[in-house]
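To start, the structure under review is shown below, and the notes come after it.
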Amino acid sequence: MNERLKDPEGIFCQSFGSVQHRASSGRFPLNMTHLFVKQFDGENDGLVGVESFEWGSRYTLLKPKGLRGISHGDMVDLCRENIVREFYVKLVSDLREMGF
């Protein structure tokens, strides 16, 4: 995607994604779609394949140890479990240090 869609002049673009290790780690409907997406795209967050996340100047893939993983729902805090809160705190801190 980076080859076809360049970062706009003067705009910092970054992306991030996560890996849900097991279908049972996500809540409905991500528990159902995880296996479907895995069939076509391999590792995924229950909705999007890992290969599709990367875009921009900086890319971060959250791939925790353990069996659960981090679902797409966790990344957007759909279930209010605060699994990635520290990631977002660091993300904002990094942007501040970069002058944004």
**Complete:** The remaining residues in the hydrophobic cluster of Met32, counting side-chain heavy-atom contacts under 4.5 Å among Ile, Leu, Val, Met, Phe, Trp and Tyr, are Phe28
**Item:** Ile70 and Ile83, any side-chain heavy atoms less than 4.5 Å apart
**Value:** yes
**Asked** Any chance the side chains of Ser57 and Asp7 put a donor and an acceptor closer than 3.5 Å?
**Response** yes
**Prompt:** What about Leu47 and Met75, same hydrophobic cluster or not, with Ile/Leu/Val/Met/Phe/Trp/Tyr joined at side-chain heavy-atom distances under 4.5 Å?
**Reply:** no
**Message:** How long is the straight-line distance from CG of Asp94 back to OG1 of Thr60, given to the nearest 0.5 Å?
**Reply:** 8.5 Å
**Complete:** Closest heavy-atom pair, Gln20 versus Ser25, reported as atoms and distance to 0.1 Å, is CG-CB, 3.9 Å
**Message:** With heavy-atom distances below 4.5 Å as the criterion, would you say the side chains of Val50 and Asn44 are in contact?
**Reply:** no
**Request:** Apply ring pair (Phe, Tyr, Trp, His ring centres under 6.0 Å) to Phe12 and Phe100, showing your working.
**Result:** CA-CA 9 Å; Phe12 174 69; Phe100 294 104; 5.6 Å; yes
**Leu61 and Ser18, any side-chain heavy atoms less than 4.5 Å apart** = no
**Request:** Side-chain contact test, heavy atoms from C-beta onward, threshold under 4.5 Å: evaluate it for Leu78 versus His72 and give yes or no.
**Result:** no
**Prompt:** Which atom pair, heavy atoms only, marks the closest approach of His34 to His21?
**Reply:** CE1-O, 3.9 Å
**Asked** Knowing that exactly one of Phe53, Trp55, Phe87 qualifies, which makes a ring-ring contact (aromatic ring centres under 6.0 Å, His included) with Phe16?
**Response** Phe87
**Prompt:** Is it true that a side-chain atom of Tyr59 and a backbone atom of Gly17 form a donor plus acceptor pair closer than 3.5 Å?
**Reply:** no
**Message:** Do the side chains of Asp74 and Arg80 get close enough for a salt bridge, i.e. N-O under 4.0 angstrom?
**Reply:** no
**Message:** Test your reading of the model: is there a side-chain donor-acceptor pair from Asn31 to the backbone of Ala23, 3.5 Å cut-off?
**Reply:** no
**Prompt:** Is there a chain of hydrophobic side chains (I, L, V, M, F, W, Y, each step under 4.5 Å between heavy atoms) that links Val84 to Leu91?
**Reply:** yes
**Message:** Quick check: closest heavy atoms across Val37 and Val48, and the distance to 0.1 Å?
**Reply:** CG1-C, 4.2 Å
**Check: Glu81 main-chain N/O paired with Asp77 side-chain donor or acceptor under 3.5 Å** = yes
**Prompt:** Around Tyr88, counting heavy atoms of other residues, nucleotides and ligands shown, do more than 12 lie under 6.0 Å from its OH?
**Reply:** yes
**Asked** Hey, does the side chain of Ser71 reach the backbone of Asp45 with a donor-acceptor pair shorter than 3.5 angstrom?
**Response** no
**Request:** Under the side-chain hydrogen bond (donor to acceptor under 3.5 Å, both in side chains) rule, collect the residues that match up with Asp41, sequence neighbours excluded.
**Result:** none
**Item:** Euclidean distance, Ser24 OG relative to Leu30 CG, rounded to 0.5 Å
**Value:** 12.5 Å
